[in-house]
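Note that the structure is predicted; figures quoted are calculated from it, not measured. The analysis underlying the following values was restricted to heavy atoms, covering all of them including side chains, and did not include hydrogens, waters or symmetry mates. Counting begins at 1 with the first residue of the sequence.
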Amino acid sequence: MSDTKTLDREYIAGTYGRFDLELERGKGSMVYSADGKEYIDLGTGIAVNTFGFCDDAWTEAVTAQLSQLQHSSNLYYTAPQARLAQMLCEKTGMKKVFFSNSGAEANECMIKAARKWSHDTYGPDRSTIITLRSSFHGRTITTLAATGQDVFHTNFGPFPDGFEYAEPGDLAMAEELLKKGAAAFMLETVQGEGGVRALGKEYIEGVYALCRKYGALFCVDEVQTGNGRTGRLYSYMHYDVQPDIVSTAKGLAGGLPMGATMFAESTANVLTAGLHGSTFGGNPIAAAGACSIISRIDGELLASVEEKSAYIVNELSGAKGVKGVSGLGFMLGIATEAPAKAIVARLMEKGVLVLTAKDKVRLLPALNIDFELLKKAVSLIKEVIADETPA
């Protein structure tokens, strides 16, 4: 066993079921283990490394900022944070941004802001936030409560109340819950940790219309779906909706910890001085990295994501052992006849890194992955799925 693995097991809290693999270095969509083996990476740190490992432009932007100002409290102005906020607002039509350090924090901010808006608008008795069954919104106590999966509602109670759960696709149920009076309806357009389940256009736009009808905020969790992942800058852009609040994180800063909560005109002035904050939120280095990422997610790149996504779906749909492919863009789940964990393990042996989501094999490639490299990986995925499928 390597020194790294020995030290990890002795000193790091055992909260992760790690693969028996020590990564040492990477470039683009290739990553190399400590023992020198190479892998095609289709996981990107769970949708974090937007342009793969050690992207040159990103590295240059981060390094330049590192030598100027690594941190300043939010009591002062810093240029990278201001530029990033401008970029996000101009590309989305949102009006204000709050920066934090993770998806859970971005969602905490969204929940707080929604309840503050409702308190200001209706008084203190309309604080309920409706989320969806099979959703996932984070691992803090409040975002676990917002998560619509019973498996997460154990061990750490009591959990905060004020959340109700609707069934994805059931507009009648959504209306019944909204009728009772709610602060907001909060959803992921593709339920990533819930099994890469894409919600239908009719449902998303239907919920949006119901929120407008009953005076609730429409809030979208773009922690995993955002920053180009689904073939749009943000996944809600696939639909005829304009959210009141959007949260994002993961791929935003390309490998550095950053979350963002974006506010539309309707909610732009809900949070005022002293009501919320973050020591590290909008850190200049992370913001410089995010500016590099967001500035390069353009129409050409997004079109290539959709083209390559269509290739993956076409190649795998109907292949031996594949029951179906779900998701959008470069956020795909493969339902297989063989156990997903066995397929992941075999692919690792063959030099391809993929993930799972519930009982599916999950693919989250870098947005700029070389097409020939992707084709090689997909060929190996088909081969392994077929080999693992019982006769």
Side-chain angles (χ1 to χ4, degrees), residues 98 100 103-154 156-189 191 193-194 197 199 203-223 225 236 239 241-248 259 261-272 275-276:
F98 177 86
S100 53
E105 288 181 47
N107 283 335
E108 287 267 355
C109 179
M110 182 153 64
I111 291 164
K112 286 180 68 174
R115 287 184 169 158
K116 173 64 164 52
W117 173 87
S118 187
H119 188 280
D120 292 347
T121 305
Y122 301 113
D125 299 324
R126 189 167 158 168
S127 58
T128 297
I129 294 179
I130 302 164
T131 66
L132 294 177
R133 293 286 177 192
S134 299
S135 62
F136 182 82
H137 297 294
R139 293 187 180 273
T140 65
I141 292 293
T142 296
T143 55
L144 282 175
T147 292
Q149 299 186 55
D150 291 339
V151 67
F152 290 106
H153 300 160
T154 59
F156 306 111
F159 290 90
D161 57 14
F163 295 96
E164 293 197 61
Y165 312 106
E167 191 64 34
D170 190 338
L171 281 174
M173 185 178 185
E175 183 161 20
E176 285 302 312
L177 292 173
L178 284 164
K179 271 183 184 178
K180 296 192 293 183
F185 201 113
M186 176 178 173
L187 56 77
E188 308 155 277
T189 64
Q191 296 183 317
E193 305 305 318
R197 301 172 59 188
L199 303 180
Y203 182 73
I204 291 170
E205 294 180 358
V207 168
Y208 177 69
L210 288 171
C211 286
R212 294 294 176 258
K213 179 178 179 180
Y214 293 104
L217 296 179
F218 181 74
C219 301
V220 183
D221 176 343
E222 297 265 10
V223 170
T225 56
Y236 75 82
Y239 313 100
V241 300
Q242 180 57 55
D244 297 290
I245 311 177
V246 173
S247 63
T248 193
T261 310
M262 296 180 276
F263 302 96
E265 187 75 47
S266 55
T267 56
N269 299 311
V270 167
L271 295 179
T272 55
L275 288 182
H276 199 47

* **Contact summary for Ser135 and Thr147, nearest pair of heavy atoms** => O-CG2, 3.0 Å

* To do: Report the C-alpha separation of His137 and Glu188 in whole Å, then their side-chain angles, then the decisive distance to 0.1 Å, and conclude whether the side chain to side chain contact (heavy atoms under 4.5 Å, CB included) test is met.
  => CA-CA 9 Å; His137 297 294; Glu188 308 155 277; 4.0 Å; yes

* To do: Determine the minimum heavy-atom distance between Glu193 and Gln149, stating which atoms define it.
  => O-NE2, 4.3 Å

* Nearest non-hydrogen partners of Leu217 and Asp244, listed with the distance -> CA-OD2, 3.4 Å

* Do other residues, nucleotides or ligands put more than 12 heavy atoms under 6.0 Å from Arg139 CZ? -> no

* Value rounded to 0.5 Å, distance of NZ in Lys112 from CD1 in Ile129 -> 12.0 Å

* Minimum heavy-atom distance Ala184-Cys219, with the two atoms named -> CB-SG, 3.9 Å

* Residues that Tyr165 engages under ring-ring contact (aromatic ring centres under 6.0 Å, His included), provided they are two or more places apart -> His153

* Asked: What is the distance from atom CG of Leu132 to atom CZ of Arg197, rounded to the nearest 0.5 Å?
  -> 9.0 Å

Identify every side-chain donor-acceptor pair in residues 168-175 under 3.5 Å, counting partners at least two apart or on other chains, and give the distances.
unit_1, atom_1, unit_2, atom_2, d
Asp170, OD1, Ala172, N, 3.2
Asp170, OD1, Met173, N, 2.9
Glu175, OE2, Lys213, NZ, 3.2
Glu175, OE2, Tyr214, OH, 2.5

* Asked: How would you list, by chain and number, every residue that makes a ring-ring contact (aromatic ring centres under 6.0 Å, His included) with Tyr208, sequence neighbours excluded?
  -> Phe218

* **Heavy-atom closest pair, residues Ile141 and Pro158** => CG2-O, 4.5 Å

* **Of all pairs that satisfy side-chain hydrogen bond (donor to acceptor under 3.5 Å, both in side chains), the ones with a partner from residues 117-132, not counting sequence neighbours** => Lys116-Asp120

* Partners of Leu144 by side chain to side chain contact (heavy atoms under 4.5 Å, CB included), sequence neighbours excluded? -> Phe152, Phe156, Phe159

* Would Thr143 and Phe136 satisfy side chain to side chain contact (heavy atoms under 4.5 Å, CB included), going step by step from the backbone distance to the final call? -> CA-CA 8 Å; Thr143 55; Phe136 182 82; over 6 Å; no

* Answer whether the closest heavy-atom distance between the side chains of Arg133 and Asp150 falls below 4.5 Å. => yes

* To do: Look up atom CG in Leu199 and atom CD1 in Ile204, then write down how far apart they are to the nearest 0.5 Å.
  => 5.0 Å

* Structure fact -> From the list Ile245, Thr189, Val241, side-chain contact (heavy atoms from CB on, under 4.5 Å) with Val220 holds only for Thr189

* To do: Report the C-alpha distance between Leu271 and Phe263 in whole Å, list the side-chain angles of each, state the deciding distance to 0.1 Å, and finish with yes or no for side chain to side chain contact (heavy atoms under 4.5 Å, CB included).
  => CA-CA 10 Å; Leu271 295 179; Phe263 302 96; 3.9 Å; yes

* Starting at CD1 of Ile130, measure out to CG of Leu187 and round the result to the nearest 0.5 Å. => 10.5 Å

* Structure fact -> Heavy atoms of Tyr236 and Glu222 approach each other most closely as N-OE2, 2.9 Å

* Structure fact -> Residues at least two apart in sequence or cross-chain that pass side chain to side chain contact (heavy atoms under 4.5 Å, CB included) with Ser100, listed by chain then number, are Phe98, Glu105, Ala106

* Got Leu177 and Phe185 here, is their nearest side-chain heavy-atom distance under 4.5 Å? -> no

